[in-house]
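Just so you know, these numbers use all the heavy atoms, side chains as well, and skip hydrogens, waters and symmetry mates. Every number for a ligand or one of its atoms is a count from 1 in the order of the listing.
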Amino acid sequence: MLDKISSLRITIDADLAGINSRDGVESFRLTHLVRKGTLQALVDALRDVPKEEKPLVGKALNDLRKHTDAEFERLSEQYASVADVKSIDVTLPPRGPLPGSIHPITQTLERIVDIFRSMGFSVAEGPDVEDDAHNFGKLNFAVDHPARDMQDTFFVDSKERNDLLLRTHTSSVQVRLMQSTKPPIRSIMPGRVYRNEAVSARALAEFHQVEGLYIDKGVSMADLKGTILAFAQAFYAADAELRFRTSYFPFTEPSAEVDMRCFLCKGAGCRVCKHTGWLEILGCGMVHPKVLENCGIDPEVYSGFAFGFGVERVLMMLTGIDDIRKLYDNDLRVLRQF
Ligand code: 2NL
């Protein structure tokens with residue numbers, strides 16, 4: 001048995017001396033140090049050694065084990081940080097830095113803001129957590145209007161108040177502006193809004209909206225149409241062509257939805273316009289006299305128009321992206337295209 005131990009020591013030392021790579025360290029471990037390895041085989045054989053020889057043989061084996069472990073540790077460390085030279089292709093081009101970029105929604109918001117600024121609109125902001133009065137009440141929503149339903153609005157749990165919610169449109173900012181400012185008012189409100197909706201290819205529970213408001217003496221539907229047309233020609237295409245369809249919103253009277261002739265197929269019908277030849281781009285109307293009054297503006301003296309649209313929808317139309325969620329997956333294959 002002592003002979004076997006001496007001869008294994010010679011083998012182990014020879015193997016150790018031959019190690020010159022990380023692979024070499026690993027194959028040494030697999031030969032000698034695993035459960036089915038050479039050392040364990042001798043440990044198992046210790047069972048059959050006569051009792052009186054056991055202390056001596058045991059000590060010899062233990063010495064060999066310690067020696068092997070220590071040498072193995074030393075070589076493991078030595079080769080740990082050395083990548084196998086054969087796996088490096090020195091002819092590969094360098095990877096280079098990965099620069100970040102502005103998110104497509106932010107880029108779109110910035111373009112919209114620039115265009116309205118050039119037409120004399122300022123930019124207003126307000127809180128995301130609103131109260132019922134600013135989000136609904138002052139905007140002429142009836143107390144039993146379905147938008148106030150739990151299904152459509154996220155309400156905020158609060159011990160002190162029971163009328164807090166996440167704003168469902170940025171009109172709440174316009175209400176604050178009307179309350180605090182004497183006309184003329186000419187402002188847009190870009191911002192995040194929240195709806196208690198199931199997320200799908202067409203809808204998110206959090207998205208972005210831009211609303212606009214223009215209040216002064218003698219503002220008319222003609223001003224509304226001219227402003228929207230100027231925006232569409234600056235934002236979509238110089239030859240943008242619009243049609244106004246009558247519609248209904250609680251906060252405007254009259255109200256309209258605006259369609260633009262499809263910029264892709266020029267009206268012939270395609271996937272993006274769902275073969276109608278028209279794309280719905282926004283909703284608008286003349287601010288309801290009751291809304292003006294609720295916000296402290298005399299409807300006998302002033303009139304105004306307002307409009308609103310969703311930014312994600314605009315971007316989907318412009319790019320042909322068919323699933324709104326792709327804008328928020330942070331998939332670099334999508335984001336790098338902007
Ligand atoms: C849409 C339509 C619209 C408004 C928003 C508004 C705000 C005030 C008073 C009157 Cl304070 N109107 N905003 C008016 C018409 C339409 O949005 O489809 N949005 C996504």
If we only consider heavy atoms of Met178, is any one of them less than 4.0 Å away from an atom in ligand 1? yes
Which protein non-hydrogen atom lies closest to atom 18 (O) of ligand 1, naming both residue and atom, and how far is it? Gly308 O, 3.8 Å
Taking non-hydrogen atoms only, is Phe251 closer than 4.0 angstrom to ligand 1 via side chain, backbone, both or neither? both
Interatomic spacing from NE2 in His32 to CG in Leu8 - rounded to 0.5 Å: 6.5 Å
Exceeds 12 heavy-atom contacts within 6.0 angstrom, atom CD1 of Ile102: no
For atom 13 (N) of ligand 1, what is the nearest protein heavy atom, given as residue, atom name and distance? Glu211 OE1, 2.8 Å
Taking salt bridge (Lys or Arg N to Asp or Glu O under 4.0 Å) as the criterion, tell me which of Glu125, Glu206, Glu312, Glu130 meets it with Arg192. Glu206
Mark yes when over 12 heavy atoms from residues, nucleotides or ligands other than Arg111 sit less than 6.0 Å from its CZ; otherwise mark no. yes
Atoms of ligand 1, numbered as shown, that sit under 4.0 Å from any heavy atom of Ser171: 7 (C), 11 (Cl), 13 (N)
Should the proximity of His169 to ligand 1, defined as any heavy atom under 4.0 Å, be assigned to the side chain, the backbone, both, or neither? neither
For ligand 1, which part of Leu139 has a heavy atom less than 4.0 Å away: the side chain, the backbone, both, or neither? side chain
Could you tell me whether Lys290 and Glu293 make a salt bridge, using a distance below 4.0 angstrom between a side-chain N and a carboxylate O? no
Would you please say whether a donor-acceptor pair under 3.5 Å links the side chains of Asn294 and His288? no
So if I count the atoms of ligand 1 from 1 in the order they appear, which ones are less than 4.0 Å from some heavy atom of Thr252? 10 (C), 12 (N), 14 (C), 15 (C)
Taking the six-membered ring for Trp, are His103 and Tyr328 parallel (under 30°), tilted (30 to 60°) or perpendicular (over 60°)? parallel
Enumerated ligand 1 atoms positioned under 4.0 Å from heavy atoms of Gln209: 19 (N), 20 (C)
With distance as the sole test, does Asp223 use its side chain to make a donor-acceptor pair with the main-chain N or O of Ser220 at under 3.5 Å? yes
Please list, in number order, the atoms of ligand 1 under 4.0 Å from a heavy atom of Cys284. 15 (C), 16 (C)
Can you report which non-hydrogen protein atom sits closest to atom 8 (C) of ligand 1, along with the distance? Gln174 OE1, 3.1 Å
Which is closest to atom 12 (N) of ligand 1 in terms of heavy atoms, Pro250, Ala306, Gly304, Ser172? Ala306
